[in-house]
Amino acid sequence: MTDPAHDPSAASPADPVAAWRRAAPDAVLLDGFHALKHAVRFGAEVLVAVTADRAAALALADELAGDVRDTLAALLTQVPYGTYAALVPRPHPTAVAALAVRPGRAGNLAKLARAPRTAPVVVLDQPRNLGNAGAVVRLAAGFGATGVVTTGTLDPWHPTVVRGGAGLHFATAVERLTVDELPPGPVFALDPEGEDIRSLKLPDEALLAFGSERTGLTAELRARADHLVALPMRSQVSSYNLATSVAMTLYHWSATGGAPS
């Protein structure tokens, strides 16, 4: 008898392309093996998953994701490479893609507003770069932050952001809000004119706010801030990359009391 985990035709649904087209308008694109792995690991409801090389994908699962290997084997359907490539904006080197149900907004808002919080919320104030936003989601998940909130027009669930976040949107609460809708908690906003972060302890209930890559904090967010905080920086160096700033700030929080579980 053929082992279904190694049979390219074993996984369902019977017509993955039709299932993909039905689900695509409202679903989250998981682009690549690692995005699917993380989404499954953190409880995503995966609607359809395809790969151009099921054996290679399951070999990756054996090596890197033994905890969800059986689940991935049940989900992945092999399709021709051309079929796979036609379903995604840009083929991933692992030739794996999936669609998942986006977490409900009400549930995410409840997580963000929960009190007391045990970890900060990261606020990206009108970010512009999709890849940077994805990297921040990945950082927030790694540090165990409560969530990531964006203001402005960037969709934090855009496929490029999810790709940059390696599917870790499902490990934290990710939403777009206005400044007026931000969850409760003291706002510590990063600004070159602020107090040196090394002199501060960031509380677990903090909102850690970061301005856009080019223009910094908006006047609206600055007015909402309770504290302005500066990262140490050599003179004549203009700025850090957004994800680098978030990483430094979350590391400072974790090193002075908070910590990933």
**Request:** Taking all non-hydrogen atoms of both residues into account, name the closest pair between Leu47 and Ala27 and its distance.
**Result:** CD1-CB, 4.1 Å

**Message:** Can you give me the closest heavy-atom contact between His169 and Val174, atom names plus distance?
**Reply:** CD2-CG1, 3.8 Å

**Complete:** Arg176 and Thr153 have their tightest heavy-atom pair at NH1-O, 2.6 Å

**Message:** Run the side chain to side chain contact (heavy atoms under 4.5 Å, CB included) test on Val121 and Leu182 for me, step by step, so that the C-alpha distance in whole Å, both residues' side-chain angles and the decisive distance to 0.1 Å come before the verdict.
**Reply:** CA-CA 10 Å; Val121 173; Leu182 291 177; over 6 Å; no

**Message:** If hydrophobic clusters are built by linking Ile, Leu, Val, Met, Phe, Trp and Tyr wherever their side-chain heavy atoms come under 4.5 Å apart, do Phe42 and Val148 end up in the same one?
**Reply:** yes

**Request:** Answer yes or no: is there a donor N or O on one side and an acceptor on the other, between the side chain of His158 and the main chain of Leu130, under 3.5 Å?
**Result:** no

**Request:** Can you label the angle between the His227 ring and the Phe188 ring as parallel, tilted or perpendicular, going by 30° and 60°?
**Result:** parallel

**Request:** Could you pull out the closest heavy-atom pair between His92 and Asp31, with the gap in Å?
**Result:** CD2-O, 3.6 Å

**Message:** To the nearest 0.5 Å, what is the distance between CG on Asp196 and CG on Leu231?
**Reply:** 8.5 Å

**Request:** Take Phe33 and Thr51 through the side chain to side chain contact (heavy atoms under 4.5 Å, CB included) test and state the conclusion after the steps.
**Result:** CA-CA 9 Å; Phe33 172 83; Thr51 177; over 6 Å; no

**Prompt:** What pairs of residues pass the ring-ring contact (aromatic ring centres under 6.0 Å, His included) test when at least one of them lies in residues 102-121, not counting sequence neighbours?
**Reply:** none

**Request:** Determine whether more than 12 heavy atoms belonging to other residues, nucleotides or ligands lie under 6.0 Å from atom CZ of Arg21.
**Result:** no

**Message:** Using a 3.5 Å distance criterion without hydrogens, assess whether the side chain of Arg41 forms a donor-acceptor pair with backbone atoms of Phe170.
**Reply:** no

**Asked** Hey, are the side chains of Pro91 and Tyr81 touching, using non-hydrogen atoms and a 4.5 Å cut-off?
**Response** yes

**Request:** Flag the pair Pro159 / Val88 as yes when at least one side-chain heavy-atom distance between them is below 4.5 Å, and no otherwise.
**Result:** no

**Asked** Would a distance-only check, ignoring hydrogens and angles, find a side-chain to backbone donor-acceptor pair under 3.5 Å from Gln126 to Gly152?
**Response** no

**Asked** Quick one: do Val28 and Leu154 end up in the same hydrophobic cluster if we chain Ile, Leu, Val, Met, Phe, Trp and Tyr together by side-chain heavy atoms under 4.5 Å apart?
**Response** no

**Request:** May I ask you to decide whether Arg102 forms a salt bridge with Asp26, counting only side-chain N to carboxylate O separations under 4.0 Å?
**Result:** no

**Item:** side chain to side chain contact (heavy atoms under 4.5 Å, CB included) between Leu36 and Leu76, worked out
**Value:** CA-CA 10 Å; Leu36 175 59; Leu76 283 164; 4.0 Å; yes

**Prompt:** Mind checking whether Leu208 and Leu228 sit in one hydrophobic cluster, side chains of I, L, V, M, F, W, Y counted as touching below 4.5 Å?
**Reply:** no

**Asked** So, does Asn132 use its side chain to make a donor-acceptor pair with the main chain of Ala243 at under 3.5 Å?
**Response** no

**Prompt:** Within the distance-only criterion (no hydrogens, no angle test), does the side chain of His38 pair as donor or acceptor with the backbone N or O of Leu168 below 3.5 angstrom?
**Reply:** no

**Message:** Would a single hydrophobic cluster contain both Val187 and Val229, if residues Ile, Leu, Val, Met, Phe, Trp and Tyr are joined by side-chain heavy-atom contacts under 4.5 Å?
**Reply:** no

**Asked** Do Arg69 side-chain atoms and Leu60 backbone N/O form a donor-acceptor pair below 3.5 Å?
**Response** no

**Message:** Closer than 3.5 angstrom, by distance alone: can the side chain of His252 be matched with the main-chain N or O of Leu200 as a donor-acceptor pair?
**Reply:** yes

**Complete:** Correct closest heavy-atom pair for Ser212 and Thr215 would be OG-OG1, 2.6 Å

**Transitive ILVMFWY side-chain link Leu99 to Val161, under 4.5 Å** = no

**Message:** Once rounded to the nearest 0.5 Å, what's the spacing between atom CZ of Arg222 and atom CD of Glu193?
**Reply:** 8.0 Å

**Prompt:** So, Thr256 side chain and Lys201 main chain: donor-acceptor pair closer than 3.5 Å or not?
**Reply:** no

**Prompt:** If every non-hydrogen atom of Asp226 is compared with every non-hydrogen atom of Pro186, which pair is closest and at what distance?
**Reply:** OD2-CA, 3.2 Å

**Asked** Does a side chain donor of either Thr151 or Asp125 reach within less than 3.5 Å of an acceptor in the other side chain?
**Response** yes

**Asked** Just wondering, are more than 12 heavy atoms of other shown residues or ligands nearer than 6.0 Å to OH in Tyr251?
**Response** no

**Asked** Passes side chain to side chain contact (heavy atoms under 4.5 Å, CB included), Thr249 versus Phe210? Steps please.
**Response** CA-CA 10 Å; Thr249 304; Phe210 301 83; 3.5 Å; yes

**Prompt:** Just by modelled atom types, is the Thr77 backbone N or O under 3.5 Å from a matching donor or acceptor in the Arg54 side chain?
**Reply:** no

**Message:** Main chain of Leu112, side chain of Thr146: is a donor-acceptor contact present, judged purely on distance under 3.5 Å?
**Reply:** no

